[in-house]
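To start, the structure itself, in structure tokens.
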Amino acid sequence: MGKDTIADIITSIRNADMDRKGTVRIAPTNITETIIKILLREGFIENVRKHQENNKYFLVLTLRHRRNRKRPYGTFFKFNLKRISRPGLRIYSNYQRIPRILGGMGIVILSTSKGIMTDREARLEKIGGEILCYIW
């Protein structure tokens with residue numbers, strides 16, 4: 001775990017999906033809890049629960065697996081996450097220039113002045129912000 005908590009949760013989820021694991025443990029922070037709520041609401045993860053172990057709390061995510069994943073992993077059923085803005089290079093966008101991922105099939109998570117939200121919510125609110133990650 002480094003200092004970039006968003007990149008850490010994205011990497012943890014991506015690695016668990018590639019290994020076809022059912023659950024992921026993530027340290028809870030305000031940013032990670034908000035991003036996980038968005039992933040849960042959009043249907044990318046199945047369940048979230050809090051777990052305590054040795055006086056430390058963890059969020060345990062249950063990943064949603066596709067039923068047609070019996071083929072080798074190179075198929076198009078992959079769960080893709082990509083970190084865009086990072087501590088060394090921040091990427092900002094106004095609401096008119098927020099990219100559409102796969103023609104609206106994926107989501108963009110933004111950090112705005114009204115909190116962390118998806119690209120659809122930001123377009124409805126007509127506010128831009130820092131592009132955190134793409135998920136498709």
Side-chain angles (χ1 to χ4, degrees):
M1 295 292 226
K3 293 187 178 197
D4 189 7
T5 57
I6 299 169
D8 290 340
I9 65 167
I10 287 173
T11 303
S12 299
I13 293 171
R14 186 185 312 122
N15 289 342
D17 187 56
M18 286 193 324
D19 287 343
R20 298 181 185 174
K21 292 185 178 178
T23 59
V24 181
R25 286 179 18 163
I26 294 175
T29 62
N30 290 337
I31 294 173
T32 58
E33 287 180 2
T34 308
I35 290 174
I36 289 168
K37 285 178 188 175
I38 290 173
L39 291 176
L40 184 65
R41 187 178 62 223
E42 295 290 327
F44 288 103
I45 58 177
E46 204 169 295
N47 191 12
V48 178
R49 62 184 167 85
K50 282 194 176 183
H51 179 70
Q52 182 180 3
E53 186 175 300
N54 297 332
N55 293 330
K56 290 185 180 180
Y57 286 96
F58 293 100
L59 294 174
V60 179
L61 311 177
T62 305
L63 299 179
R64 183 177 301 272
H65 290 286
R66 278 63 169 195
R67 293 181 181 153
N68 298 333
R69 290 180 82 173
K70 294 177 181 159
R71 289 186 236 152
Y73 196 73
T75 61
F76 59 88
F77 295 109
K78 206 157 100 171
F79 180 53
N80 293 308
L81 296 103
K82 185 177 182 186
R83 177 82 158 116
I84 301 301
S85 184
R86 49 193 170 90
L89 179 65
R90 304 288 186 182
I91 307 293
Y92 296 96
S93 176
N94 62 8
Y95 77 96
Q96 297 166 335
R97 294 185 183 223
I98 297 172
R100 295 185 191 273
I101 305 302
L102 293 177
M105 296 292 287
I107 62 170
V108 177
I109 297 180
L110 294 116
S111 175
T112 66
S113 59
K114 294 187 179 179
I116 296 176
M117 60 179 66
T118 64
D119 55 340
R120 290 180 214 116
E121 295 168 347
R123 283 189 196 100
L124 287 174
E125 297 278 333
K126 293 188 177 183
I127 54 174
E130 180 183 354
I131 299 175
L132 298 178
C133 60
Y134 297 158
I135 302 169
W136 70 97

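Since the model is a prediction, treat every value here as computed from it, not as a measurement. Counting begins at 1 with the first residue of the sequence.
I38 and F44 fall within a single hydrophobic cluster, where Ile, Leu, Val, Met, Phe, Trp and Tyr are joined by side-chain heavy atoms under 4.5 Å apart, directly or via other members. Both I98 and I91 belong to a common hydrophobic cluster when Ile, Leu, Val, Met, Phe, Trp and Tyr are linked at side-chain heavy-atom distances under 4.5 angstrom. A continuous path of ILVMFWY side-chain contacts below 4.5 Å connects L132 to L59, so both sit in one hydrophobic cluster.
V108 is listed as a side-chain neighbour of I101, based on a closest heavy-atom distance under 4.5 Å. The closest side-chain heavy-atom distance from L39 to I13 is below 4.5 Å. Proximity of S12 to L61: side-chain heavy atoms (C-beta onward) are nowhere separated by under 4.5 Å.
Across L63 and A16, no two heavy atoms sit closer than the pair CD1-CB, 3.8 Å. Residues I116 and I31 share a closest heavy-atom pair of CD1-CG2, 3.9 Å. Closest of all the heavy-atom pairs between P99 and I131 is CD-CD1, 3.9 Å.
With sequence neighbours excluded, no residue forms a side chain to side chain donor-acceptor pair (under 3.5 Å) with R100. Remark: L40 engages I45, V48 in a side chain to side chain contact (heavy atoms under 4.5 Å, CB included) (not counting sequence neighbours). Under the rule for a side chain to side chain donor-acceptor pair (under 3.5 Å), T11 has no partner lying at least two apart in sequence or in another chain.
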Check against side-chain contact (heavy atoms from CB on, under 4.5 Å), D119 and I107
CA-CA 6 Å; D119 55 340; I107 62 170; 4.2 Å; yes

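Note on residues 82-99: pairs passing side-chain hydrogen bond (donor to acceptor under 3.5 Å, both in side chains), not counting sequence neighbours, are D4-R83, S85-E130, R90-E130. Every pair passing salt bridge (Lys or Arg N to Asp or Glu O under 4.0 Å) that includes a residue from residues 107-117 is listed here, sequence neighbours excluded: K114-E125. Listed by first and then second residue, the side-chain hydrogen bond (donor to acceptor under 3.5 Å, both in side chains) pairs that reach into residues 33-49 are R41-E121, E42-R120, sequence neighbours excluded.
Clustering of Ile, Leu, Val, Met, Phe, Trp and Tyr by side-chain heavy atoms under 4.5 Å joins I127 with M117.
Formation of a donor-acceptor pair under 3.5 Å by the T32 side chain with backbone atoms of P28 is not found in this model.
Taking CD1 of I109 as the reference point, atom OH of Y134 lies at 12.0 Å (rounded to 0.5 Å). One distance of note links CD1 of I10 with CD1 of I135; it measures 6.5 Å at 0.5 Å rounding.
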